[in-house]
2 protein chains.
Amino acid sequence: MRFAYMLFAYKVPTVSRRNDRNRLEEQQFLASYDPSQFDRPSVTVDVVILTLRAGRLEVLLTQRKEHPFKGFWSLPGGFVGMQESLDEAAARVLRSKGGLEGVYLEQLYTFGAPQRDPRTRVISVAYYALVEPGRIQEREGNALFRVVVPWEGEAGGPVEVEGGRSRRHPLAFDHAEILGMAVRRIRGKLEYAPIGFELLPERFTLRQLQQVHETILGRKLNKDSFRRRMLASGRLEPTGELESGTGYRPAELYTFKKDRP
Amino acid sequence: MRFAYMLFAYKVPTVSRRNDRNRLEEQQFLASYDPSQFDRPSVTVDVVILTLRAGRLEVLLTQRKEHPFKGFWSLPGGFVGMQESLDEAAARVLRSKGGLEGVYLEQLYTFGAPQRDPRTRVISVAYYALVEPGRIQEREGNALFRVVVPWEGEAGGPVEVEGGRSRRHPLAFDHAEILGMAVRRIRGKLEYAPIGFELLPERFTLRQLQQVHETILGRKLNKDSFRRRMLASGRLEPTGELESGTGYRPAELYTFKKDRP
DNA sequence: AAGCATATATGCAAAACGCATATAAGTCAA
DNA sequence: TTGACTTATATGCGTTTTGCATATATGCTT
């Protein structure tokens with residue numbers, strides 16, 4: 001509230017500095033500007049698509065069919081089109097490679113070590129997505145496979161990935177580093193942002209939500225404290241319905257309350 | 001501790017998949033790769049250099065001498081060289097435009113809206129730096145000037161900047177958005193990371209540290225609680241010396257204890 | 001209907017926090 | 001030298017939060 005007041009106190013209708021003469025000069029300058037005079041890196045987006053299964057964190061990867069790193073597992077990604085924003089490029093990758101739309105997607109970090117891609121200079125803007133397990137269908141061909149994310153050290157070291165037959169797969173490029181940063185980011189964000197819901201179906205129990213948090217954080221949480229905090233957060237809407245098929249007393253199902261429509 | 005164990009349990013010496021034949025194929029592929037076949041955006045770094053003066057947050061800006069946005073204030077920035085990393089590019093901007101070296105510098109976010117620069121497609125990796133006021137000398141020419149950062153709305157709306165004679169200056173490009181995100185980032189980070197020290201001289205009092213936090217957060221903090229938290233954090237080293245020239249009882253000077261050398 | 005396993009509610013001690021009060025200490029002016 | 005002044009530092013206490021333990025409730029299964 002106080003912030004809003006100070007904002008308006010300083011805000012100004014303006015752009016009066018941009019007078020007509022200035023605008024004309026600028027148009028002339030732009031007409032004579034030649035964009036091809038400098039070397040430019042390629043820019044890609046890579047998306048860390050995270051989901052859960054059986055109490056473990058999983059990431060969706062694809063196996064590279066071409067050089068470099070042929071045969072290695074890698075994050076789905078693609079070049080940024082000249083007419084699309086970074087967010088749009090990430091959403092396009094998510095849609096075209098994972099068949100996913102409307103999921104939680106956020107920029108993570110930009111990786112630009114000069115030799116991270118042996119072909120040419122490639123700068124990669126990394127994103128991470130959180131997807132409810134029910135929305136993922138595994139597909140053949142160029143599509144993505146779910147691979148368990150083992151625990152990485154806090155030091156940010158390389159992350160090896162364990163496949164379906166419990167084989168270890170090193171990742172292509174610097175994707176292990178990107179994956180490690182995604183896990184650290186989501187873990188940190190869990191403590192102050194309501195992102196656990198993104199990995200659950202529309203309706204869920206408090207126990208399920210706690211299990212999501214425990215899986216991401218990698219440690220057990222106090223049940224009562226967790227319940228109290230979640231209920232006090234005001235973001236859970238009780239549906240009045242109960243889960244079914246548990247065999248024992250079912251818990252109430254809740255919905256995530258979207259504050260801002 | 002527990003995490004480190006799990007890391008080693010999964011870690012594997014490997015890269016055994018990369019056999020000789022695969023390596024040879026890859027070399028042939030790279031030799032025939034033509035990097036010039038795709039359109040590429042330009043990539044720049046822009047640095048939000050933040051400092052404090054008289055209990056206000058300030059940012060170092062330069063006034064544009066060329067189109068586009070000629071005459072507008074803008075963040076110092078530059079193109080990313082083909083052989084330098086993003087961090088190196090940001091450090092270079094900090095050094096060449098601000099004469100600053102060895103200051104706190106961290107990647108903020110990457111901005112890539114297609115029309116953010118009217119010349120051509122420019123993707124900007126934004127960084128922010130925190131600088132102790134004593135290290136900044138204002139310079140003429142192409143150099144930077146300190147400009148007060150007024151309070152921006154939490155919504156991330158445009159940030160206008162107030163100059164020395166209390167004029168308002170709109171910022172070039174999307175730099176207002178970048179500045180707003182930097183302020184939000186540092187504010188959030190203050191609650192869990194020891195970054196307040198970066199804006200203070202080597203030795204400082206608890207009151208000075210609290211004033212830094214209050215300036216950044218834009219609100220008063222409880223004095224006792226702040227002292228207890230800081231002293232309990234184990235990051236402050238008492239020097240045994242006292243400040244001087246206060247006119248009244250001087251407080252003890254502390255140093256920031258660097259855990260990791 | 002009884003047993004069962006979990007959900008939900010209540011109580012309580014320890015720690016963290018906000019607030020108020022009391023004491024200590026260096027500076028300045030007379 | 002002394003006393004007033006202002007801030008630093010220490011102490012106490014009620015409130016809130018958190019972790020832990022216990023008690024009760026509830027729907028399902030047999």
Side-chain angles (χ1 to χ4, degrees), chain A residues 2 54-55 187-188 190-194 196-197 200-257, chain B residues 2 54-55 187-188 190-194 196-197 200-257:
Chain A
R2 183 182 160 209
R187 233 184 252 166
L190 201 57
E191 298 190 356
Y192 65 91
F197 314 102
L200 287 170
E202 173 96 19
R203 300 184 307 165
F204 53 86
T205 67
L206 285 174
R207 176 177 39 75
Q208 289 175 315
L209 182 60
Q210 181 169 354
Q211 282 170 353
V212 168
H213 280 238
E214 290 177 343
T215 298
I216 293 173
L217 295 175
R219 59 186 168 90
K220 287 288 174 195
L221 297 174
N222 182 279
K223 181 177 171 180
D224 304 271
S225 173
F226 183 82
R227 289 176 60 88
R228 267 185 306 217
R229 257 191 307 127
M230 286 301 142
L231 293 174
S233 76
R235 294 185 176 280
L236 293 185
E237 188 80 59
T239 65
E241 297 178 67
L242 302 178
E243 62 181 340
S244 62
T246 60
Y248 301 105
R249 175 179 176 180
E252 182 159 15
L253 291 167
Y254 289 82
T255 306
F256 173 53
K257 194 189 296 176
Chain B
R2 182 182 161 208
R187 238 184 248 166
L190 201 56
E191 297 189 355
Y192 64 91
F197 314 100
L200 287 170
E202 173 94 18
R203 300 183 306 165
F204 51 87
T205 66
L206 285 174
R207 175 178 38 77
Q208 288 175 317
L209 183 59
Q210 180 169 356
Q211 282 171 352
V212 168
H213 280 239
E214 290 178 342
T215 299
I216 293 173
L217 295 175
R219 60 186 166 90
K220 287 288 175 194
L221 298 175
N222 181 280
K223 180 178 172 181
D224 304 271
S225 173
F226 183 81
R227 288 176 61 88
R228 267 186 305 219
R229 259 191 307 127
M230 285 301 141
L231 292 174
S233 76
R235 294 185 176 279
L236 292 185
E237 188 80 59
T239 64
E241 296 176 67
L242 302 178
E243 63 181 338
S244 62
T246 59
Y248 302 106
R249 175 179 177 181
E252 182 160 14
L253 291 167
Y254 289 83
T255 305
F256 174 52
K257 195 190 296 179

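Keep in mind that what you see is a predicted model, and the values were worked out from it rather than measured. We name chains A, B, ... by the order of the sequence lines, and we start the count at 1 in each one.
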Trainee: Can you check whether A/Arg207 has a side-chain N or O nearer than 4.0 Å to OP1 or OP2 of C/dA7?
Mentor: yes
Trainee: Report the residue (A/Ser225 or B/Ala251) whose heavy-atom-nearest nucleotide on DNA chain D is the more 5′ of the two.
Mentor: B/Ala251
Trainee: Expressed as a whole number of angstroms, how long is the span from B/Leu231:CG to C/dA16:P?
Mentor: 14 Å
Trainee: Calculate, to the nearest 0.5 Å, the distance between atoms OG1 and CZ belonging to A/Thr215 and A/Arg187 respectively.
Mentor: 11.5 Å
Trainee: A side-chain contact here means heavy atoms from C-beta on lying under 4.5 Å apart; do A/Tyr254 and A/Thr205 qualify?
Mentor: no
Trainee: Return the value, rounded to whole Å, for the distance between atom CD of A/Gln208 and atom C1' of C/dA7.
Mentor: 14 Å
Trainee: Give the rounded distance in Å between these two atoms: CG of A/Asp224 and P of C/dA9.
Mentor: 11 Å
Trainee: If I take atom CD in residue B/Glu252 and atom C1' in nucleotide D/dT9, what distance separates them, rounded to the nearest angstrom?
Mentor: 10 Å
Trainee: Rounded off to whole Å, could you give me the CZ-to-C1' distance for the A/Arg249 and D/dG27 pair?
Mentor: 8 Å
Trainee: Side chain to side chain contact (heavy atoms under 4.5 Å, CB included) with B/Ser225: which of B/Arg227, B/Arg229, B/Lys223?
Mentor: B/Arg229
Trainee: Which nucleotide in the set D/dC20, D/dT18, C/dG26 lies at the smallest distance from any side-chain heavy atom of B/Pro250?
Mentor: C/dG26
Trainee: Return yes if some donor-acceptor pair links the side-chain N/O of B/Arg235 with the main-chain N/O of B/Met230 below 3.5 Å, else return no.
Mentor: no
Trainee: Would you say B/Lys223 places a side-chain N or O within less than 4.0 Å of OP1 or OP2 belonging to C/dC19?
Mentor: no
Trainee: Whole angstrom is fine here: how far is it from CE in B/Met230 over to C1' in D/dA8?
Mentor: 17 Å
Trainee: Please determine if a side-chain N or O atom of B/Arg227 lies less than 4.0 Å away from the OP1 or OP2 oxygen of D/dT9.
Mentor: yes
Trainee: For D/dT17, take OP1 and OP2 only and decide whether either is under 4.0 Å from a side-chain N or O of A/Arg229.
Mentor: no
Trainee: Separation of A/Tyr248 atom OH from D/dT30 atom P, in whole Å?
Mentor: 8 Å
Trainee: When the distance from CG of A/Leu253 to P of C/dT8 is rounded to whole Å, what number comes out?
Mentor: 10 Å
Trainee: Classify the ring geometry of B/Phe204 against B/Phe197: parallel below 30°, tilted from 30° to 60°, perpendicular beyond 60°.
Mentor: tilted
Trainee: Would you kindly compare A/Ser244 and B/Gly247 by the position of their nearest DNA chain D nucleotide and give the one closer to the 5′ end?
Mentor: B/Gly247
Trainee: Hey, does the side-chain of B/Arg228 have a donor or acceptor N/O within less than 3.5 Å of a partner on the base of C/dA16?
Mentor: no
